[in-house]
Amino acid sequence: KKFSIPSIRIDHLTPSIVEILERGGIKTLTIAPETGSEQLRYALGKRISNKRIYQAIELIKESEIRNIKMYFLIGLPNEMEDDVRETIKMIKELDNQGFNKNSLRISINPMIPKLNTPYQKEITFYLNKNKAILRSRLNNLKNELKSLKSVRLRLGKIEEVIKQARIQTLFSLG
């Protein structure tokens, strides 16, 4: 039988799981590293090392699954320029692993704080005085990643992305 899954936790990927997904006809697998910065990922409570992410991606690459969709966030609590550079570095290293053209589908979105979560007050990057930082980081990501062979970057017009994220944040926080 064929089936599909919306995404899978990186730490759940094993050779036997990948084999089941292959047999199910999965052609694209979605994972969410959130950031290339291991330190920032750990601070978010997502205890998955960069090494584990690379192992999972190598496991997928060696399978019959042709595409990997990856979700990254920008504007995370306590995010610094070095964290953004770590995300760029991770994606560039993945591009160098010999994937086919556009087979790494990278989606980068601003973090949307949600009500009744530990991040409900994390609106720093949506304040007018800090929008320029968010804009700069998104532009940097776009410029650094747009020419990578195996990467199909999903990041729209920066001003529209920020505007939509601010609107979603307002709705999310009530």
Side-chain angles (χ1 to χ4, degrees), residues 1-77 79 82-112 114 117 119 137-158 160-161 164-165 168 172:
K1 295 285 180 188
K2 290 193 177 242
F3 66 94
S4 67
I5 58 173
S7 66
I8 190 165
R9 287 177 47 125
I10 296 165
D11 52 345
H12 289 174
L13 281 173
T14 63
S16 58
I17 295 291
V18 170
E19 183 183 331
I20 290 168
L21 296 172
E22 284 177 316
R23 286 188 294 165
I26 299 289
K27 296 297 176 204
T28 301
L29 198 55
T30 302
I31 59 175
E34 314 296 2
T35 176
S37 166
E38 194 170 89
Q39 181 179 353
L40 190 55
R41 192 177 321 108
Y42 280 28
L44 291 170
K46 195 166 191 176
R47 298 233 175 253
I48 300 168
S49 68
N50 284 352
K51 180 180 178 182
R52 180 62 181 109
I53 292 170
Y54 289 120
Q55 287 171 340
I57 290 171
E58 184 62 28
L59 189 62
I60 298 166
K61 183 178 178 283
E62 292 173 1
S63 75
E64 294 175 17
I65 299 169
R66 295 294 116 222
N67 303 301
I68 304 172
K69 188 183 292 185
M70 300 175 73
Y71 290 119
F72 289 91
L73 294 172
I74 193 80
L76 293 163
E79 179 183 88
D82 283 346
D83 299 312
V84 177
R85 280 192 284 278
E86 287 295 315
T87 296
I88 292 168
K89 178 183 171 193
M90 175 181 275
I91 295 168
K92 284 183 173 183
E93 286 177 12
L94 294 174
D95 180 62
N96 288 328
Q97 289 187 3
F99 285 95
N100 293 332
K101 182 177 170 85
N102 294 327
S103 61
L104 295 174
R105 298 164 184 186
I106 307 295
S107 180
I108 301 173
N109 294 294
M111 186 197 85
I112 308 296
K114 305 288 187 204
T117 71
Y119 305 109
R137 290 179 182 172
L138 286 166
N139 275 317
N140 187 20
L141 283 158
K142 192 172 199 172
N143 291 334
E144 289 284 338
L145 302 175
K146 67 182 176 186
S147 63
L148 300 180
K149 177 186 169 268
S150 64
V151 171
R152 187 169 87 195
L153 184 62
R154 189 174 152 249
L155 177 61
K157 295 180 181 175
I158 302 301
E160 188 62 25
V161 167
Q164 291 301 317
Q168 287 180 42
S172 156

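Keep in mind that this is a model prediction, so the values were computed, not measured.
- To the nearest 0.5 Å, atom CZ of residue Phe72 and atom CD1 of residue Ile108 are 7.0 Å apart.
- In this structure a side-chain-to-backbone donor-acceptor pair under 3.5 Å is missing from Asn109 to Leu73.
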Let me have the donor-acceptor pairs involving side chains of residues 37-44, under 3.5 Å, with sequence neighbours excluded, atom names and distances please.
{"unit_1": "Ser37", "atom_1": "OG", "unit_2": "Leu40", "atom_2": "N", "d": "3.1"}
{"unit_1": "Ser37", "atom_1": "OG", "unit_2": "Asp83", "atom_2": "OD1", "d": "2.8"}
{"unit_1": "Glu38", "atom_1": "OE2", "unit_2": "Asn50", "atom_2": "N", "d": "2.6"}
{"unit_1": "Arg41", "atom_1": "NE", "unit_2": "Pro33", "atom_2": "O", "d": "3.0"}
{"unit_1": "Arg41", "atom_1": "NE", "unit_2": "Thr35", "atom_2": "O", "d": "3.3"}
{"unit_1": "Arg41", "atom_1": "NH1", "unit_2": "Ile48", "atom_2": "O", "d": "2.5"}
{"unit_1": "Arg41", "atom_1": "NH1", "unit_2": "Asn50", "atom_2": "OD1", "d": "3.1"}
{"unit_1": "Arg41", "atom_1": "NH2", "unit_2": "Thr35", "atom_2": "O", "d": "2.7"}
{"unit_1": "Arg41", "atom_1": "NH2", "unit_2": "Asn50", "atom_2": "OD1", "d": "2.6"}

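- Summarising the geometry of Ala165 relative to Ile112, their closest heavy-atom pair is O-CD1, 3.5 Å, with the distance given to 0.1 Å.
- No side-chain donor-acceptor contact under 3.5 Å links Asn67 and Ser103.
- Taking CD1 of Ile106 as the start and CG of Leu148 as the end, the distance is 9.0 Å to the nearest 0.5 Å.
- Put simply, the side chain of Ile158 reaches to within 4.5 Å of the side chain of Lys142, judged on heavy atoms.
- You'll find the side chain of Ile88 reaches within 4.5 Å of the side chain of Leu141, heavy atoms only.
- From Phe99, atom CZ reaches atom CZ of Arg105 across 12.0 Å, with rounding to the nearest 0.5 Å.
- Ile10 contributes atom CD1, which lies 4.5 Å from atom CD1 of Ile31 (distance to the nearest 0.5 angstrom).
- Note that OG1 of Thr30 and NZ of Lys69 are 4.5 Å apart. Values are rounded to the nearest 0.5 Å.
- Taking 4.5 Å as the limit, some side-chain heavy atom of Leu138 sits within range of a side-chain heavy atom of Ile74.
- When the salt bridge (charged side-chain N to carboxylate O under 4.0 Å, His left out) test is applied to Glu34, the partners found at least two apart in sequence or on another chain are Lys46.
- Looking only at side-chain heavy atoms (C-beta outward), Leu29 and Leu13 come within less than 4.5 Å of each other.
- Counting heavy atoms from C-beta outward, Arg152 and Lys101 have side chains that stay 4.5 Å or more apart.
- A side chain to side chain donor-acceptor pair (under 3.5 Å) check over residues 52-66, counting only residues at least two apart or in different chains, returns the pairs Tyr54-Glu93.
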Would you check, one step at a time, whether the test side-chain contact (heavy atoms from CB on, under 4.5 Å) holds for Glu79 with Met111?
-> CA-CA 11 Å; Glu79 179 183 88; Met111 186 197 85; over 6 Å; no
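- When the side-chain hydrogen bond (donor to acceptor under 3.5 Å, both in side chains) test is applied to Lys114, no partner is found at least two apart in sequence or on another chain.
- Under the 4.5 Å side-chain criterion, counting only non-hydrogen atoms from C-beta, Leu21 is in contact with Ile5.
- In this structure, Ile57 and Met70 have side chains that are in contact, with non-hydrogen atoms separated by less than 4.5 Å.
- With rounding to the nearest 0.5 Å, the separation of CG in Leu104 from CG in Leu145 is 11.0 Å.
- Applying the side-chain hydrogen bond (donor to acceptor under 3.5 Å, both in side chains) rule to Asn100 yields no partners; only residues at least two apart in sequence or on another chain are considered.
- Under the salt bridge (charged side-chain N to carboxylate O under 4.0 Å, His left out) criterion, no residue pair touches residues 14-25, with sequence neighbours excluded.
- In this structure, the side chains of Lys149 and Asp95 come closer than 4.5 Å at one or more pairs of heavy atoms.
- Salt bridge annotation for Glu144-Arg85: absent, with no cationic side-chain nitrogen under 4.0 angstrom from a carboxylate oxygen.
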